[in-house]
There are 2 protein chains.
Amino acid sequence: MKEGPDIAHTAALIGDPARANMLTALMSGKALTVSELAEEAGVTIQTASSHLSKLEAGGLLRPRKQGRHKYFSLANDDVAHVLEGLMGLAAGAGHLRKRTGPKDAELREARVCYNHLAGDMGTQMFDSLMAQGHIVLEDEDLKLTASGVAFAADFEIDLGALQKARAPLCRECLDWSERRSHLAGSLGRALLTRFEELAWAKRDQKTRVVSFSHTGAKAFHRMFPKDLA
Amino acid sequence: MKEGPDIAHTAALIGDPARANMLTALMSGKALTVSELAEEAGVTIQTASSHLSKLEAGGLLRPRKQGRHKYFSLANDDVAHVLEGLMGLAAGAGHLRKRTGPKDAELREARVCYNHLAGDMGTQMFDSLMAQGHIVLEDEDLKLTASGVAFAADFEIDLGALQKARAPLCRECLDWSERRSHLAGSLGRALLTRFEELAWAKRDQKTRVVSFSHTGAKAFHRMFPKDLA
DNA sequence: CAAATGCTTCGACTAGGGTCGAAGTATGAA
DNA sequence: TTCATACTTCGACCCTAGTCGAAGCATTTG
């Protein structure tokens with residue numbers, strides 16, 4: 001009678017408030033230590049440790065040991081994708097933690113989703129890349145076109161290094177605030193990194209907010225124009 | 001400190017085994033009564049009733065009263081989308097209920113996802129529609145092209161009626177077995193319905209399996225060829 | 001009207017799991 | 001080596017939430 005994967009176990013892992021807080025914190029894309037995650041979730045370190053080993057066993061997190069620290073990050077983009085989807089459902093049901101908080105507007109404007117740009121500017125960049133023909137939807141997923149390769153080279157992104165990793169270069173990710181797609185995958189990550197290198201934008205560690213400088217925003221909009229007839 | 005929607009509450013709703021079974025059953029797209037869902041989940045009717053009101057309050061289900069029956073269905077495509085995503089995660093973590101069961105192959109071949117065609121044939125149909133230029137990814141989401149409109153008319157699908165509803169006409173939905181997109185939205189539903197009307201395919205209520213007849217499969221592959229150079 | 005069916009509410013029971021204090025292990029610094 | 005830091009394990013507590021029996025509504029049928 002029960003066919004298909006065991007959805008309940010995975011959902012229950014996300015369903016605990018402390019664990020959900022940790023996962024949400026990891027949506028920033030940064031790897032965090034046990035103590036940092038404990039702080040984030042508002043529980044003691046012992047409790048956090050127990051939660052984290054469950055999340056790891058459930059395939060949601062990827063641990064990395066470094067000296068006496070243990071860093072956790074989301075296991076892959078699929079996890080981030082599901083988390084964003086859940087945020088969309090929760091937002092739709094009106095289950096917001098704080099409604100129209102001061103950070104809310106900034107979060108909708110531009111924020112980090114796992115490791116790439118999300119929010120209004122994220123979807124705008126995605127749309128613009130599609131409209132300029134730099135990426136296309138082919139077969140199952142997004143492909144970088146020849147013009148896209150040129151674009152990346154022009155922006156000094158090392159595609160060769162990115163393609164060595166087995167992670168997909170381009171991926172769609174559904175935005176919970178915009179309800180539209182933005183660009184994930186290793187290229188999405190590389191773009192955000194590049195914005196930071198060029199000091200176009202800075203990301204706030206705690207809140208996931210990405211704040212663009214004045215000149216950075218201007219350069220961004222020149223590179224990814226809203227409408228191109 | 002806690003910004004964003006309350007993901008834990010929604011995930012916890014899905015995280016209970018009984019509720020997860022009900023939701024999985026509703027992925028068939030059919031509306032089911034309280035007693036049917038109780039049977040499906042293996043709990044008494046009282047327990048099921050309690051679960052269902054929670055799911056309803058959480059915005060995951062949409063109830064409809066009809067006489068002394070109360071029918072439940074998934075609230076919208078977003079819910080189905082998240083559920084499929086969770087199935088993908090659970091499958092990736094190796095948390096399958098039964099591994100390589102007899103139904104498994106059939107499920108991967110063709111099954112119902114909420115109300116549209118999923119599995120190998122679902123993704124194949126999606127790819128073919130894209131390749132033939134009937135649908136394109138524009139701005140945020142999928143759009144039906146002029147040739148797509150002609151195609152629908154030719155297949156005797158009443159687009160006018162579909163467009164009246166505020167539900168999106170075309171949507172992508174990620175397949176947990178294929179890990180590729182297939183067509184959701186009201187057009188996706190209409191296509192599956194049409195296959196049934198033409199007796200190309202029949203869907204099994206219990207298992208979500210969609211079985212194509214011999215001639216039905218032939219017609220399907222003629223209409224959605226795998227490769228068109 | 002009464003009987004039957006489908007569902008909801010109430011109340012009580014229980015198990016599972018989240019929580020933390022305390023003790024144990026491992027790595028790095030002095 | 002000795003101390004400090006980062007994390008894990010153990011054990012006990014407690015409380016939420018899932019469960020079902022029984023009773024209560026609502027709707028349809030006879």
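Chain naming here is simple, since letters A, B, ... match the order of the sequence lines and numbering starts at 1 in each.
Residue A:K65 has no polar side-chain atom (N or O) positioned under 4.0 Å from OP1 or OP2 of C:dA26. For C:dG17, the OP1/OP2 oxygens have no side-chain nitrogen or oxygen of A:K54 closer than 4.0 Å. Side-chain nitrogen and oxygen atoms of B:R68 include none within less than 4.0 Å of the OP1 or OP2 phosphate oxygen of D:dT29. In terms of phosphate contacts, A:H51 brings a side-chain nitrogen or oxygen within less than 4.0 Å of OP1 or OP2 of C:dT19. A sub-4.0 Å separation between OP1 or OP2 of D:dT19 and a side-chain N or O of B:T47 is absent.
Side chain of A:V43, nearest nucleotide from D:dG18, C:dC20, D:dC20: C:dC20. Checked against D:dT9, D:dC20, C:dT9, the side chain of B:S49 finds its nearest nucleotide in C:dT9.
Rounded to a whole Å, the CD atom of B:E36 is 14 Å from the C1' atom of C:dT5. Separating the CE atom of B:M22 from the P atom of C:dC7 is a distance of 12 Å, rounded to the nearest angstrom. Atom-to-atom, NE2 of A:H9 to C1' of C:dG17 comes out at 12 Å; the value is rounded to the nearest Å. Between A:I45 atom CD1 and C:dT25 atom C1' there is a gap of 15 Å when expressed in whole angstrom units. When rounded to the nearest whole Å, the span between CD of A:Q46 and C1' of D:dA6 equals 12 Å. Separating the CG atom of A:L37 from the P atom of D:dA6 is a distance of 14 Å, rounded to the nearest angstrom. Across the protein-nucleic acid pair, B:Y71 atom OH and C:dG6 atom P stand 10 Å apart, rounded to whole Å. We find that NE2 of B:H69 is positioned 9 Å from C1' of D:dT28, with the value rounded to whole Å.
Residues B:R19 and A:K70 each lie close to DNA chain D; by heavy-atom proximity, the contact nearer the 5' end of the strand is made by A:K70.
Using a 4.0 Å cut-off between a side-chain N of Lys or Arg and a carboxylate O of Asp or Glu, B:K65 and B:E56 do not qualify as a salt bridge. With respect to B:E196 and B:K202, no salt bridge is recorded, no charged nitrogen being found less than 4.0 Å from a carboxylate O.
Residue contacts for B:T33: at a heavy-atom cut-off of 4.0 Å it reaches the sugar-phosphate backbone alone, with no base atom in range.
The closest side-chain donor-acceptor pair between A:E36 and A:T33 falls under 3.5 angstrom. B:H116 and B:R189 are not linked by any side-chain donor-acceptor pair at a separation below 3.5 angstrom, with hydrogens and angles left out of the test.
The shortest non-hydrogen separation linking A:M22 to A:V43 is CE-CG2, 4.3 Å.
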